[in-house]
Amino acid sequence: DTAVSQTPKYLVTQMGNDKSIKCEQNLGHDTMYWYKQDSKKFLKIMFSYNNKELIINETVPNRFSPKSPDKAHLNLHINSLELGDSAVYFCASSLPKTGINEQFFGPGTRLTVL
Amino acid sequence: AQKVTQAQTEISVVEKEDVTLDCVYETRDTTYYLFWYKQPPSGELVFLIRRNSFDEQNEISGRYSWNFQKSTSSFNFTITASQVVDSAVYFCALSGGVRTGANSKLTFGKGITLSVRP
């Protein structure tokens, strides 16, 4: 009965490859997010979707493409991986329209690009 | 633009000491939310508290307490009688007035690494 789940938990790949990370939430939330945590632990928003519509895109390279097939899922596809993409990627979800923007985070996906 | 400043980067205390983690924020929104999250060595992000801009009441939860002061734009977090299990990175975060999705993102501070020694 995990609230926000991500797969895979670890991802090790070579430069230049294309990879995807999947996120699913069973909380009934309508807004989902991707955050990136770099090697210095700094957390920064990348994207947000509300009811399958992109509402936040924070100057992320075009190699990153989020996709939301429905409001319970938000996937992240990364093309032509670079060394600098190595980080922990967190998915989160919330229900902002209730006025309570508590965000529930997934366990994170540690991406290592060699 | 929103900004969260956690000026302390690393704090080391001995078990049973009290410790306060500082958080200062900047926002132009009149309605906003403040949060604290804990990230233990295992890596997950654990929600600790949410406070909205209209509620300046301080909160206590066991050994944890929070002091929200709008006059100084601060939302500080105190751990009383610290324990080794409190060792983690603590993040303060801010979101704008919600109900408009674009404003719902969290802006995080850089985090404070707390080490509690036995």
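Residue numbers begin at 1 in each chain, while the letters A, B, ... track the order of the sequences. Note that the structure is predicted; figures quoted are calculated from it, not measured.
Contacts from residues 107-118 of chain B to chain A, taken as heavy-atom pairs separated by less than 4.5 Å, involve B:F108, B:G109, B:K110 in sequence order.
Looking at A:S68, its side chain does come within 3.5 Å of a backbone N or O of A:H73 through a donor-acceptor pair.
Residues that satisfy the salt bridge (charged side-chain N to carboxylate O under 4.0 Å, His left out) test with A:D18, not counting sequence neighbours, are absent from this structure. Every residue two or more places apart in sequence or in another chain was checked for a ring pair (Phe, Tyr, Trp, His ring centres under 6.0 Å) with A:Y89, and none qualifies.
In the model, A:S94 has no side-chain atom that pairs as donor or acceptor with a side-chain atom of A:H29 under 3.5 Å.
Tracing side-chain contacts under 4.5 Å through hydrophobic residues (I, L, V, M, F, W, Y), one reaches A:Y33 starting from A:F105; they form part of the same cluster.
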Taking only distance into account, with no hydrogens and no angle test, what donor-acceptor pairs under 3.5 Å do side-chain atoms of residues 13-22 of chain B form with protein atoms, sequence neighbours excluded?
unit_1	atom_1	unit_2	atom_2	d
B:E17	OE2	B:V14	N	3.3
B:D18	OD1	B:A81	N	2.8
B:T20	OG1	B:T78	OG1	2.8

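Taking each heavy atom of A:N51 and A:K71 in turn, the nearest pair found is OD1-CD, 3.2 Å.
The part of A:F90 that comes within reach of chain B is its side chain, from C-beta onward, which places non-hydrogen atoms under 4.5 angstrom from that chain.
In terms of heavy-atom pairs under 4.5 angstrom with chain B, the leader among A:E53, A:E58, A:K40 is A:E58.
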